[in-house]
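Side chains included, hydrogens not; waters and symmetry mates left out as well; all remaining heavy atoms used.
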Amino acid sequence: ISICRDLPNIEVITFSVNGISDLEPLHQCQNLSELYLRKNNITSLDELFYLKTLPRLRVLWLAENPCCGPDPHHYRMTVLRNLPSLQKLDNQAVTEEELSQALVDGVEITAPPARRNVENGWSECTASSAAGSTTEPESELLSCSLDETNKTQEELDMKLVPRDKYSFSPQETDCSHKKRNNVLNAILLLMKELDVEGLEIIQQTVTRRLQAFQKKELQEE
């Protein structure tokens, strides 16, 4: 997510299901108002240190990350103590009573987390593959990615991606499988934020892109 360092004016970010563990690149997004980080690899609530500098952040979805821990109350109180301007956390409205209680039960985060040895996202995935990790079989990774993509498409009332749509060669890594489907998933999620005019622009862009591919295929034939 290092690209966020170059997007200081972005207002809504949807990064759910992307293997993210480091939120440092977000601290410069001063106009960010909504941040969706469900189902990532954020292991420590210390990552909230990078969000404390975002004055307009009102919506945060952090559920289903390791940092949530076994105690939902402690997790929610700690998030609200450090981000008292939130109006909604994990799709649940924040109350004045919770903000007051967070001052008692929450833990204040005053320092950034320890620096990792690997980058987030696909770099981390590549490093894992290079080390010979076999925690998730390739077929399971692809199945998980397609499930998430189809879940998003169901929400948007779109045609689901058939499981035999893509045929991958043995040389392709599980990272490429996961990246391809997560990119699609991210695009579909961001489409929810667009109005009619925005969707028309997307439609025109996709049409031109498809025409370019078709032209290239004809030239190759």
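Annotation: side chain of Gln219 is not in contact with side chain of Gln214 (no heavy-atom distance under 4.5 Å). Counting heavy atoms from C-beta outward, Asn41 and Asn65 have side chains that stay 4.5 Å or more apart. Residues Thr95 and Leu99 fail the side-chain proximity criterion, which asks for heavy atoms closer than 4.5 Å. For the pair Glu47 and Pro113, the minimum side-chain heavy-atom distance is below 4.5 Å.
Using a 4.0 Å cut-off between a side-chain N of Lys or Arg and a carboxylate O of Asp or Glu, Arg5 and Glu24 qualify as a salt bridge. Between Glu34 and Arg58, none of the side-chain N atoms (NZ, or NE/NH1/NH2) sits under 4.0 Å from a carboxylate O, so this pair counts as no salt bridge.
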Going through the checks in order, is the side chain to side chain donor-acceptor pair (under 3.5 Å) test met by His73 and Asp105?
CA-CA 8 Å; His73 178 75; Asp105 296 345; 2.8 Å; yes
Before you tell me yes or no, could you show the steps for His27 and Leu51 under side-chain contact (heavy atoms from CB on, under 4.5 Å), namely the whole-Å CA-CA distance, both residues' side-chain angles and the distance that decides it to 0.1 Å?
CA-CA 6 Å; His27 83 281; Leu51 305 183; over 6 Å; no
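None of Val79, Asp46, Leu48, Thr78 except one satisfies the side-chain contact (heavy atoms from CB on, under 4.5 Å) rule with Val107; the exception is Thr78.
Using a 4.5 Å cut-off between side-chain heavy atoms of Ile, Leu, Val, Met, Phe, Trp and Tyr, with links allowed through other members, Leu83 and Tyr36 fall into different hydrophobic clusters. Tracing side-chain contacts under 4.5 Å through hydrophobic residues (I, L, V, M, F, W, Y), one never reaches Leu54 starting from Trp61; they form parts of separate clusters. Val59 and Ile42 end up in different hydrophobic clusters when Ile, Leu, Val, Met, Phe, Trp and Tyr side chains are linked at under 4.5 Å. Both Ile3 and Tyr50 belong to a single network of hydrophobic side chains, linked directly or stepwise wherever heavy atoms of I, L, V, M, F, W or Y lie under 4.5 Å apart.
A distance-only check finds a donor-acceptor pair linking the side chain of Asn40 to the backbone of Phe15 [under 3.5 Å].
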